[in-house]
Amino acid sequence: MIAPGEPKLSWHASGRARLQRLAALVRKETYQLFRDPSAIAIGIVMPVLLILMFGFALSLDVKNVPVAVVLENPSPTTAELASGFVLSPYFDTRELTSMPSAEQLLLQQKVDGIVRIRSDFARQLNSGNGQAQILVYGTDANRARIIEAYAQGAIAQFQARRAAEGYAAPSGGAAVVQSRMWFNEADDSHYFLVPGLIVLIMTLIGAFLTTLVMAREWERGTLEALFVTPVRAGEIVISKMIPYFVLGMMGLALCIFAAKFLFEVPFRGSVLLLTGVSTLYLLVALAIGLLISSLTKSQFVASMATLIITFLPALFLSGFLFDLRSMPAAIRVLSYALPARYYVNLLQTLFLAGNIWSVVLPDAAVLAGMAAALLALARAVTTKRLA
Amino acid sequence: MFEALLRIVALIRKELLAILSDPRSRVSLFLPPVLQCLIFGYAATYDLNNVPYAVLDQDRSAASHDLLAALDGSGVFRRAAQLYNVADIKSVIDEQKALLVIQIGQDFQRRLEAGLPADVEVIADGRNSNTAGTALGYVDAIVDGFNADWAANHGAAAPPLQVTMRAWYNANLETRWFMIPALIGTLTFLQTLLLTAMSVAREREQGTFDQLLVTPFRPFEIMIGKALPSVLIGLIQATLILLVAQLWFRIPFTGSYLTLYAGLLLFLLAAVGMGLMLSAVVSTMQQAMLYAFVIMMPFALLSGLTTPLSNMPEIFQNATLINPLRYAIDIAHRVYLEGAGLPQLVPDLWPMAIIAAVTLSSAAWLFRGGLE
Amino acid sequence: MSMQPHGGVAVLGRHVRKTFRRETGETVVALDDLSLEVPHGGLAALVGPDGAGKTTLIRLIAGLMPLDAGTLVVNGTDIARDPQRVQDRIAYMPQRFGLYEDLTVRENLDLYASLHGISDEERRRRYPELFQMTDLAPFTGRLAGHLSGGMKQKLGLACTLIGAPELLLLDEPTVGVDPLSRRELWEIIARLVREQNLSVLLSTSYLDEAERCDQVFVLREGKLLASGPPGEVTALAAGRSFEAEPQAGEPARNLQSRLLDEPAIIDAVPEAGRVHLVSAQNGKSAAPEQSAAALAGLSIIPVPARFEDGFMVLLRQQSGAAGKSLAAPPLSPEPAARSDETIITVHDLVRKFGTFTAVDRVSFEVHRGEIFGLLGPNGAGKTTTFRMLCGLLSATAGTLRVAGFDLRRARASARQHIGYVAQKFSLYGQLTVADNLEFFASAYGLRGRRKRERVAWALTQFELEPLMRLPSGQLPGGYKQRLAMATALLHSPDILFLDEPTSGADPLARREFWRRITQFAEQRVTVVVTTHFMEEAEYCDRVAILDGGRMLAVGTPAEVRGLAAAAGPDRATMEDAFIAIVERAREHRMDASP
C-alpha cells in the first residue's frame, strides 16, 4: 500500500492536487450545508421570510390615517374644509360634533389625530382670523410628524382654494415650497427598505452562517485528523468560503428578482456593478464570520459575537433605516468602521440613483480594502495548529 | 405538595446561582441591554439634527438671505455648499454632498413685495425617502415661520386661517421617546427567550438534564424552576433599561410603576413560555440560539418598533395578534408616556394572558412528550 | 541520527519539552526532557497513567503543536522545520477521530482520498480492500453519525489509511470500543504491520494491548520511565505474581480490596474467582503469605508475570506508594450475608424506536446488595436497557420493577430510591462542589439536619472537602467522578446505576473506582454497572451479556465463563467468554434468518 515517497510529494505540490483537495473540501462543505437544518433555517427560510416582511409588511408610508374632524357648528364652509380631509388619500375621516367624544377616540387609539373647527369658525374666517386646531397622537413621533404635515397640506389647499374663489383677499406675498423628491418621486418607503433588505440577507448568509463552520469543526474535533493530511490551511479557508459565497449570491439574485418583480422598486444602476460591490461585501462578511469562528472556536460564542458585531449594526448603524448624520459623533465615527454602512450606501445609490461613480468608487474602494485586510487576517489566524 | 415546593425553590436557587455566580455571565446578561439601550437610543431615531443642504440663491436679496438665515438657525440644517449654477444641483445631490438643495429664484424678493407667491424650490435626495420626507417637513415649517415674520414686518394681512398644532404625550415629537420605552419590551424579549431556551439546552448538552430527571423532580416542577428565574432576570433587565431611560435620556415617566410591572410580568411569562417551547424541541445550545434568532426576527420586525403596525396590510396586522411583543411595546408606551392605568390596558393584557397560557401549557406538554 | 526513511528510526525525539498554560495562569509541564527512538516498522505503544503526556507527544509528532524545547525528527524530517512535509506522509487518528457525522461513510472516505491526492484508478483498487478489511461495505451510504462506536473507529482508521502512510499515529484507538470491535481493530492493525511493513505508534490504557506491541514506552508525568520490548517490563515482576483463592463464600473483590491495603502488596485484581496479586518483594526472598496478613491461611500459587504486573511494579519503584494512592476505609473482613431479596425485576422488556427494536424481550433480576454488570458490544441495547431502568426512557412493553415500584406507573417515587452516574461528567460545571451537593440534596428532598449530615458525609467520604469551593467543572478528572458518585449517593439510595464509569480511565483510576464500589456493595447498596472492560466483570456478582437487543447469558462470572468453556480453552478469560458467546449467538441468528 505504501507508495514511494518522493514522487508522491511532487504530486502534492502540483496545482492539480491542490485543485483536487479544494474541490473535495468544497463538496464536503456543500453537503454539510444542505444537511444541516439550522443552516437551511438561516440561509434559506430566513431570507425568504425577510423578503416577505420587508416587501409586504414593513412600510413607513402613512396612508389612511384615522382622524376625527370635529365640526362644532357645521356649515358649508366647515364642510368644505372637512372635505379636504375626506377626499385626501392620507386620511380616513370621521366627522364628529363634540371635542370630548373625539378625545375619547384618541385615547382609545381609534383615531390618530383630531382636527378641531370651533363653532365660530366661519365667522372668524370671514374676519380674517380663522382658527383650526390639529391634535395628533404623538407617541410614535415619526408617524405623528408625517400626519401633521399632511394635515397642514390639506388646510393649505383649502386656503388656496378660497383665495382663488375670491373669498379672501390675497394674504400678501408668501414663499411657497415647491419640493421634489429625486430618485423616489412616488415617496414609497419600499424604495429604500428593499435595498436595505439585501444588506441584512447578505450579512446573514455571509457572516452569521459562516461563523458557525470553523467553530463547528473545532467543537466536533474534526480538524485534528484533517490537519495531518497534505491539506494546506489556506485551502481550508477558501473551501469554507466558496459554498457560502454561492449561497449569498443566490440570495442576492432572489432579492433583486423580488425587488424588481414583486415590489417594483426601480433599478437604475448597472447589474454588473451591483454584483461587483455585492461580491466585495460578501467577501468582507465571509471573512468576518470565519475570523470570529476561528478565534472563538465555539459555535455559540461565535454566533453571539457575529450577531452583535455584524447583524445588529447592519440593521441600526448602517443608515439603512436611520439617518447616520443625525447620530452623535461617537456613533457616527463607529459607523465608519462598519462595512454595512458602505454597502447600504452603494445599494441605495445603485438602485435609485444609478451609476454615480463618485459615490460608487470610494465606497467600493473601502469595501475592497476591508475585504483584503480581513481575508488576510482570516487566513493568518487559521493555522494547522491546535491551540 | 410541600416537598414539590421545596424542590422548586432549590432549583430556582441553583439556576440563579449558575447564572449569577459567574462574573462573565453576569456581565453578559446585564451589560448588553444597557449598552444596546444607549446605542439604539442614540442611533435609532428618525429625528434629524444635521442635514447638509446646498443653496442656489439666484436672488441674493435681503429676503432670500433672511430665509436662509432661518434655515441655518434652525439647528437642523447645515449649509454644505453654495451653488451658482442650476447644472451643479445634480452633482451635489448625486454625490451626497447635500441632502437638500434649496433653490431661490431671482425674483424672490420682488414677488414677495408685490404680494405674489414666490417659489422656493427644494430638491431632496430620496434614496432614503423617510429621511428626505422628514427634512422637507422641517423646511415647510421654517418657511411658514419665515412667511409669518415677513407678513408681520411688512404690514401685510396674516393669512385668514391659522393652524395650531399640538401633539399629545410627546410634545416635541422625539423619536427617542418612542423608541426607548419600546426597548424595555424588545430587549428583554430577546434575552429571556434566549436565556430560557438556552438553560434547558445547556442541561441537555452537558448531560445534566438526565441527572435532573433521575431525581424526584416532576416535569412541571422543572418547568416552573426554569421559568421563574428567567422572568426574574427579565424584570431586572427591564428595570435597568427603565433607569437608563429616566436617568440618562431623561424621558419623563408619567404612569404607575406597578401597572408597568404588572404588564411586564405577563409579557415575560409569555416570552418564557415561548423559550420553554423552543427548548423542548432543540437539543443543543447552538440550535437554541439559532432558532431563537429565527423566531425573534419576525416578532421584532412586526411589533410596531421600526415601522407602525397600522401601515401593514390587514393580513400582517392580524398575524401580529399572536405577537406578545406588540402588546408589551404598546403597554410600555401607554404607561410610560401616557400614564395609562390598568383598566385602559385591558385590550393589551388579555391577549398576552392567553399567549402566556398557551405557550406555557404547550411547553409543559412538549416537555412531557420529549421525555418519552 | 539516521536520515534513512526505511530500516531506521521512524520517530527520534531529543530532550523534548512541552508546557501548557492553565487558565489560572500556572504552567503545567506536559513533557519534560523526553528522549525516545521509535524504530521503523512494527508496533510501538505509549502507556502510562492519565496526565502522562501520551496525547501531547503524539500531537507533537503529528506537527499539531510547536515544541518548547528539544528536537523531534519524524521519518527524517525535523517537525519544527517542515511540519507539512511530515503531514504529507504520515497519518494520524486522534482519540476522537472526528468523522464528519453528516457525511456518509463513502463521502468521508472520498474526502480523505482526495486530500491525499488518490487518483480514481487507485481508489477503485484500494476501496474494496479497505471496505473488506473494515467490514464497512454494506454501510457505504450510511451517515457516519449513524454508525456504532466500533464502526466509527474502523471508518476513522480507513480514512487515515487511504493515504498509504509511512507512519501511523493512533491515540487511544480502542477507547469506548467493545471487545469484539477492539479485536477486529487490532487484527487490521496487525495485518498492516505484517504485510506492508507499516510503522505504528499508538497510545493505550489497555495494558494487554501494549503487551502485543514490539516496543513499549512507559510515560508518567511527562517523563519516560522505561522503553523496550514489553517483555522487559514484564520481567520486572518476575517471581512476584501469585494467585490467591479467597475463602469459600467471600467474593474475590473483598479479598482484593483488603490486599490493596497491605504495604507488601503492589497490586491485586480479582480474576476468575481468584485474586491475582503482585508482591512487593521477589517471591524467593519472602513469600507473600508471610508479609501480608490478609493472605494468612489461603492457598497461594505462583503464576507467570504479566505486562500489567511489571507496569505496576515500575510505577511503584519510581514513586514509592504513589502507585496505589487508593483511599478508602477498610472493609470488614467477614462477608455480608447475601440476601435473596429481589430489588430489580425486568421481565420481557421491549423498547422500540420506530420500527427498530433496540431491546427485545429482556428479562433478569437483581438482588439487594449485588453488583450486577451489563455487558455487550456497541449497539447491543445496554444503554437503552440502562436508561429504562433509571426511568429516563419508557418501555414499549414488559414489566419493570425497581425498588418495589412499577416504573411504568410510579416513576417519580422509584427515583427516590436510585442514584445515577452518567458516563459523561454531568453535574453543573459552573457551580462549586458544595453547591452541587447542596442542590441535589434538596432535589432529593433532604433538609435541615439530615441534609447537613449527608453533605458532610459526602465531602468526607470522597475526600472532597479541600476542593468544596472549587467550581466542579475545574476539578481534576478523578475528582469529577468522585463528586458524581457522592451526588448519586446523597439520599442513601438502594440502587446505584453507573454507566460505563471507567471508560477512558487509566488502570490506577479504575482500581480506585472499583475499590469504592466494592465498599458500597458491602453496605448493601445494589450496584448496576455497564462496562467495556471485560476484566471488570470479575468484580461483579452476576453479569448479563446483551447483543442485538437480546439477552444472551446471565449468571455469575464463573457461570458465564463456563458457558464459553465448551468452545474455548479451559481457563478462558472473561473477554474470551464474551467474544465466544456473542459470536455464537450471531451465527445462530444468521442461520435462523432465511
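First the proteins, then the strands, lettered A, B, ... as listed; each starts at 1.
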Taking the side chain as every heavy atom from C-beta outward, state whether A:Trp182 and B:Asp125 have any pair of such atoms under 4.5 Å apart. no
Find out whether A:Ile134 and B:Arg166 are in side-chain contact, i.e. whether some heavy atom of one side chain is under 4.5 Å from a heavy atom of the other. no
With a 4.5 angstrom heavy-atom cut-off, which part of B:Glu174 approaches chain A: side chain, backbone, both or neither? backbone
Taking all heavy atoms of B:Pro313 and all of A:Ala57, pick out the closest pair and write down the distance. CD-CA, 4.0 Å
Check step by step if side chain to side chain contact (heavy atoms under 4.5 Å, CB included) holds for B:Asn130 and A:Leu321. CA-CA 8 Å; B:Asn130 190 58; A:Leu321 271 179; over 6 Å; no
Can you find a pair of side-chain heavy atoms, one from B:Trp168 and one from A:Leu135, that are under 4.5 Å apart? yes
With a 4.5 angstrom heavy-atom cut-off, is it the side chain or the backbone of B:Thr134 that approaches chain A, or both, or neither? side chain
If we ignore hydrogens and angles and just use 3.5 Å, is the side chain of B:Asn50 paired with the main-chain N or O of A:Ser326 as donor and acceptor? no
Looking only at heavy atoms and a cut-off of under 4.5 Å, which of B:Gly137, B:Pro32, B:Ala44 has the most pairs with chain A? B:Ala44
Just by modelled atom types, is the B:Tyr46 backbone N or O under 3.5 Å from a matching donor or acceptor in the A:Asn142 side chain? no
Looking at B:Val76, B:Thr320, B:Val282, B:Leu302, which makes the most heavy-atom pairs under 4.5 Å with chain A? B:Leu302
Chain B: which of A:Ile42, A:Leu52, A:Asn345, A:Ile356 shares the most heavy-atom pairs with it under 4.5 Å? A:Ile356
Closest non-hydrogen atoms of B:Asn128 and A:Phe320, given as atom of the first, atom of the second and distance, are ND2-O, 3.6 Å
B:Arg334 portion near chain A, given a 4.5 angstrom heavy-atom threshold: side chain
Full working for side chain to side chain contact (heavy atoms under 4.5 Å, CB included) between A:Gln299 and B:Thr284: CA-CA 11 Å; A:Gln299 292 187 77; B:Thr284 64; over 6 Å; no
Under a 4.5 Å cutoff for heavy-atom pairs, which residue among A:Ile331, A:Val359, A:Asp140, A:Asp323 has the most contacts with chain B? A:Asp140
Could you have a look at A:Ala151, A:Gly153, A:Ser303, A:Ala149 and say which one has the most heavy-atom pairs with chain B under 4.5 angstrom? A:Ser303
How many angstroms lie between CG in B:Asp94 and CZ in A:Phe183, if you round to the nearest 0.5 Å? 4.5 Å
Exercise: identify the closest heavy-atom pair between A:Met327 and B:Tyr42: CG-O, 4.1 Å
Scanning both residues in full, the closest heavy-atom pair of A:Thr139 with B:Asn170 reads O-ND2, 3.6 Å
Comparing B:Ser129, B:Ala132, B:Pro298, B:Pro181 against chain A, the one with the most heavy-atom pairs below 4.5 Å turns out to be B:Ser129
So which residue, B:Met285, B:Gln287, B:His333, B:Gln96, ends up with the most heavy-atom pairs under 4.5 Å with chain A? B:Gln96
From the list A:Asp112, A:Leu106, A:Val360, A:Asp188, the residue making the most non-hydrogen contacts under 4.5 Å with chain B is A:Leu106
Against chain B, label A:Arg332 side chain, backbone, both or neither, depending on which of its atoms sit under 4.5 Å from a heavy atom there. side chain
Heavy-atom pairs under 4.5 Å with chain A: which of B:Tyr336, B:Tyr291, B:Phe108 has the most? B:Tyr291
For the residue pair B:Phe316 and A:Phe56, categorise the inter-ring angle as parallel (less than 30°), tilted (30 to 60°) or perpendicular (more than 60°). parallel
Heavy-atom closest pair (A:Leu60 atom, B:Pro308 atom, distance to 0.1 Å) is CD2-CD, 4.2 Å
Portion of B:Val143 that has a non-hydrogen atom of chain A nearer than 4.5 angstrom: side chain
B:Met289 versus chain A, the contacting section by heavy-atom distance below 4.5 Å: side chain
Close side-chain approach of A:Arg180 to B:Val122, heavy-atom, < 4.5 Å: no
Value rounded to 0.5 Å, distance of CZ in A:Phe322 from OG1 in B:Thr45: 8.0 Å
Given A:Arg325, which of B:Asn49, B:Leu99, B:Leu48 fulfils the side chain to side chain contact (heavy atoms under 4.5 Å, CB included) condition? B:Leu99
Minimum heavy-atom distance between A:Leu352 and B:Arg127, given as atom pair plus value: CD1-O, 3.5 Å
I'd like to know which of A:Gln109, A:Gln133, A:Gln152, A:Met304 tops the heavy-atom pair count under 4.5 Å against chain B. A:Gln109
